[in-house]
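A quick write-up on the structure given underneath.
The first residue in the sequence is number 1, and the count goes up from there.
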Amino acid sequence: MANDGLSLSGGLMQALKLRMHYQQSRQKVLAENVANADSPGFRPLDLKPPGLDPARAGVTLTQTNAGHMSLTTANGGFDGTGAPRFETTPNGNAVNLEDEMLKVAQNQSDYQLAASLYSKGLGLMKIAIGKGR
């Protein structure tokens, strides 16, 4: 039993590290978008978030009510067809600074959350092995 808890916490820590690496890489891409806001013909880029395969992660959800969402439906039950913006300047640049800055702020917040969870997880592991006092 104790070994299962350690592997679970190790998997959680790996997932948090992966998430922080993704946020760092995304920050670079978003910064390039902002830096090229006046470059003729530049199209903004974004990174696709790392996927989560619930079956591979050993996560299962039980649907106890027909009204509950499930992971088997597209986008986990959420509608991902938000209105995309197609603003392009006369010189062919498609960077919208407001959208990019919103993405940067959200990305920073997500990174801080993952870093905080990672730090707390390390603290809990230190306590568990008796070196955290």
Taking all non-hydrogen atoms of both residues, which atom of R43 and which atom of A94 are closest, and how far apart? NH1-CB, 3.3 Å

Report the distance from atom OG1 of T88 to atom CG of N96, rounding to the nearest 0.5 Å. 10.0 Å

Answer yes or no: is there a donor N or O on one side and an acceptor on the other, between the side chain of S25 and the main chain of H21, under 3.5 Å? yes

Any donor-acceptor N/O pair, N36 side chain to E32 backbone, under 3.5 Å: yes

Does M20 belong to the same Ile/Leu/Val/Met/Phe/Trp/Tyr cluster as M125, with side-chain heavy atoms less than 4.5 Å apart forming each link? yes

Please determine whether the number of non-hydrogen atoms from other residues, nucleotides or ligands lying under 6.0 Å from atom CG of D46 exceeds 12. yes

Among Ile, Leu, Val, Met, Phe, Trp and Tyr joined by side-chain contacts under 4.5 Å, find the other residues sharing a cluster with L47 and list them by chain and number. Y22, V29, L45

Starting at CG of N33, measure out to CD of E100 and round the result to the nearest 0.5 Å. 4.0 Å

Would you sort out whether L30 and V34 count as a side-chain contact (heavy atoms from CB on, under 4.5 Å), showing the intermediate values? CA-CA 6 Å; L30 295 174; V34 171; 5.8 Å; no

Rounded to the nearest 0.5 Å, what's the gap from CG on N91 to CG on D38? Could you check? 8.0 Å

Return the OH to CD distance between Y111 and Q27, rounded to the nearest 0.5 Å. 10.5 Å

Distance-minimising heavy-atom pair for A37 and L97: CB-CD2, 3.6 Å

So, taking the atom named CG in L113 and the one named CZ in R19, what distance separates them when rounded to the nearest 0.5 Å? 9.0 Å

S119 side, atom OG; Q112 side, atom CD - distance, nearest 0.5 Å: 13.0 Å

